[in-house]
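Take a look at the structure set out below.
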Number of protein chains: 2
Amino acid sequence: MKKPTISDLAQAAGVSKTTVSHAFSGRRHVDPETRERIEKIAQEIGYRPNRAAQHLRTGRTGMIALASSMPFSVAAGPSRLGFLMEIAATAAVASLTRNMALCLIPPFQSGAQLDAITPDGVILVEPFQDDPLVQHFTGLGVPVVSVGRVPGREDIPHVDLNSGATARMVLEHLRASGATRIGLVTGEQRRNSYIETEAAYRAFCDEIGIEPACLQLNESGGEDLAAEAVASLLSRRGDIDALYVPVDAFASGAVTAAASKGLKIPQNIRLATRYDGLRAKLSRPPLTAVELHLEAIADLAVGLLMAAIDGEVAGLVSAPQPELVLRASTAS
Amino acid sequence: MKKPTISDLAQAAGVSKTTVSHAFSGRRHVDPETRERIEKIAQEIGYRPNRAAQHLRTGRTGMIALASSMPFSVAAGPSRLGFLMEIAATAAVASLTRNMALCLIPPFQSGAQLDAITPDGVILVEPFQDDPLVQHFTGLGVPVVSVGRVPGREDIPHVDLNSGATARMVLEHLRASGATRIGLVTGEQRRNSYIETEAAYRAFCDEIGIEPACLQLNESGGEDLAAEAVASLLSRRGDIDALYVPVDAFASGAVTAAASKGLKIPQNIRLATRYDGLRAKLSRPPLTAVELHLEAIADLAVGLLMAAIDGEVAGLVSAPQPELVLRASTAS
DNA sequence: ACCGTTTAGCAAATCGGTTTGCACGAATCA
DNA sequence: TGATTCGTGCAAACCGATTTGCTAAACGGT
């Protein structure tokens, strides 16, 4: 009735626990014939090593965690959720193939709550400067890797999202499609992607000699806040004829704002976003976006984390080249 | 340097490990004064019980898993993902408040892969008949609860989605909004929500004396398959003036199909869906949908699972009353 | 014939908690 | 006063793996 243990298996196979352990782990040589016999009997009696026992001995938990500092439940949630969850889905598969469970850390939990989770490592999605999650886990000595650099923390391995290059690509596309005054809408949190995007944007404006028009919105405000803020920007700066709005929820708001101003997309104003989720695809007109290759990114992040857990000093890894997905919102 | 253990704490407090253990677990009475001293010192030296050790002894892993049998990566994925992930987000919070980690099980993994995950219990989201995941975990003796009944498995506790009543509500709304011939589009997998929905639909058709028009689509086909299939249904049955399409990805397809047939929504054909996600909201026109209260459902599911883990014979729990979200797609 | 080196396998210690059985003193009861 | 209970705490067994140190046999070279 009870689950068979390594002792049961050892007894059934007529060897010691040690030999069984070595047969499975390969840490020491075991006669191939013996190993086969052990494996066969293991099959028969349905032996599965007890994870808790393994973890106690090895000091590992066999679990990695995925966290985002974006509240799940705020207005911007569903959109961010798309981004995060696309990563989660791939990461779950990637960890499982490495024999690890992937668990989800809800954002902004108190430290005491987080104690329930003792992962071998953590993947943080687009953390911001002084992110409390970074502090919590690095403080505990748990390896952390991030998707998107942690601003001000060069020591944390990450998958680089190349946000600067992405911004450049989008801005140049907007210009090529006929725009002459391009505005930028990002978030208020100091995430690296915003920082890099803004830097690239300012450099671009400088180069072509236009006055930057930059909006930084509270991410919890979501679509509605963006609609309002963008409308007021468009009133102030009637010359704007294109917007790069990396956060897709904000881009939805921008669509609304344009409509309220009687501006047609793309005739009067062009619009491009970054994350190519449902919002970009279903928008009217559909929005030009960037294929970030989130699956590949998630895979890289898991790999990076595994290396970090194994004590390898990993640096950064670059995400695959982002690609423009051209849609009607930036047609010339 | 090393993390303090229970022995260290016991020594520092001048008591035995036993007393420390009891002080924390409350399984036996400990002098309040002693307990306080222990807790104070625990704070000071930063003692945290080693989860692996606890798990080994208690036979628990402190982890519950969330699984859906819907492939993450197929065309219908992003939509299903929304549904699943809304539940995941809430469930993650709910489990953490109960001192459990929530981990994600990617669908359709081989049994060998799944071995990496040994949860104390599993929440299955809308499983279908003979779902392999149900078999896998019940076979392992792991408590399983589901969101939506498992067809043919009355023994598995679940949060009832009341799909029959939901269908009835939507169908009556469609009729009230002027529809006389209502069609139904569901999925091919035998999920309980489809079964109940179809039954309610047939009963409804019987009652008002219309010929049922029912489509069951392969869920991996997603939007494109639905567009095609619905278009052909509309050709066959030109009298249809309303559709209930519970799966939102299919509903998107139906929108496309209607457009391709030159039918206006809602003038020529009314359209309602179930899951009120981004698709329903962003569709043109926006789709009438059903507020299922997924957060509450997730919460209930976690509670149910905890009870099951603690050996309580839990039955079913009913989800909160679903509510219609009226939108332009069914305006009369 | 001797010594060194593999090869194969075992016994016992170990990880850090929880739980059981028992001891000892103080309080309560007959 | 002797017997019983209660409160408090300890020592040791236990959970099921991994890992270390050791033995004994087989093999090969000189």
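In what follows, chains are A, B, ... by sequence order, proteins preceding strands, each numbered from 1.
A:K17 has its NZ atom 11 Å from the P atom of D:dC15, to the nearest Å. Going from atom CZ of A:R35 over to atom P of C:dG9 covers 11 Å, rounded to whole Å. For A:H29 and D:dC27, the NE2 to P distance is 14 Å, given to the nearest whole Å. The distance between atom CG of A:L56 and atom C1' of D:dC14, rounded to the nearest whole Å, is 12 Å. Taking atom CZ of residue A:R28 and atom P of nucleotide D:dT18, one finds them 14 Å apart after rounding to whole Å. In this structure, the CD1 atom of A:I45 is 14 Å from the C1' atom of D:dG16, given to the nearest Å. Following rounding to the nearest Å, A:R51 (CZ) and D:dG16 (P) show an atom-to-atom distance of 16 Å. Put simply, CD on A:Q54 is 17 Å from P on C:dG16, counting in whole angstrom units.
Using a cut-off of 4.0 Å between Lys/Arg side-chain N and Asp/Glu carboxylate O, A:E36 and A:K40 are scored as not salt-bridged. Between A:R153 and A:D130 there is no salt bridge, since no side-chain N of the basic residue sits under 4.0 Å from a carboxylate O of the acidic one. Ion pairing between a basic and an acidic side chain is recognised when a charged N comes within 4.0 Å of a carboxylate O; B:R37 and B:D31 show no such pairing. Taking the charged nitrogens against the carboxylate oxygens, A:R149 and A:E126 have no contact shorter than 4.0 Å, which rules out a salt bridge.
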- Would you sort out whether A:M306 and A:M100 count as a side-chain contact (heavy atoms from CB on, under 4.5 Å), showing the intermediate values? CA-CA 10 Å; A:M306 293 301 172; A:M100 291 256 166; 3.5 Å; yes
- Task: Show the numbers, then the answer: is there a salt bridge (charged side-chain N to carboxylate O under 4.0 Å, His left out) between B:D310 and B:R60?
- Result: CA-CA 11 Å; B:D310 290 342; B:R60 299 253 174 109; 3.5 Å; yes
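Closest to the side chain of B:I6, out of C:dT20, C:dT18, C:dA8, is C:dT18. In the set D:dC14, D:dT18, C:dA11, D:dC14 carries the atom at the smallest distance from any side-chain atom of B:R57. Taking every side-chain heavy atom of A:A53 into account, D:dA17 is the closest of D:dA17, C:dA12, C:dG17. Checked against C:dG17, D:dT8, D:dT20, the side chain of B:D31 finds its nearest nucleotide in D:dT8.
Among the heavy atoms of the strands, none lies under 4.0 Å from A:H55. Residue contacts for B:T5: at a heavy-atom cut-off of 4.0 Å it reaches the sugar-phosphate backbone alone, with no base atom in range. Residue contacts for B:V20: at a heavy-atom cut-off of 4.0 Å it reaches no nucleic acid atom on any strand shown. Looking at heavy-atom distances under 4.0 Å, B:T34 makes contact with sugar-phosphate atoms alone, never a base. If you check every strand for non-hydrogen atoms under 4.0 Å, A:Y47 touches sugar and phosphate atoms only. A:R48 comes within 4.0 angstrom of the backbone, heavy atoms only, and of no base.
Considering B:L9, B:I6, B:V30 as possible partners of B:F24, the one that fulfils the side chain to side chain contact (heavy atoms under 4.5 Å, CB included) test is B:L9.
Relative to the axis of its first five pairs, the axis of the last five pairs of the helix from C:dA1-D:dT30 to C:dA30-D:dT1 sits at 40°, rounded to 10 degrees.
Taking 3.5 Å as the limit, the base of D:dA11 and the side chain of B:T18 contain a donor-acceptor pair of atoms between them.
Counting all heavy atoms, side chain and backbone alike, B:S318 lies closest to B:N162 at OG-ND2, 3.2 Å.
Remark: A:S21 is in phosphate contact with D:dT18, judged by side-chain N or O atoms under 4.0 Å from OP1 or OP2. Remark: A:S16 is in phosphate contact with C:dC10, judged by side-chain N or O atoms under 4.0 Å from OP1 or OP2.
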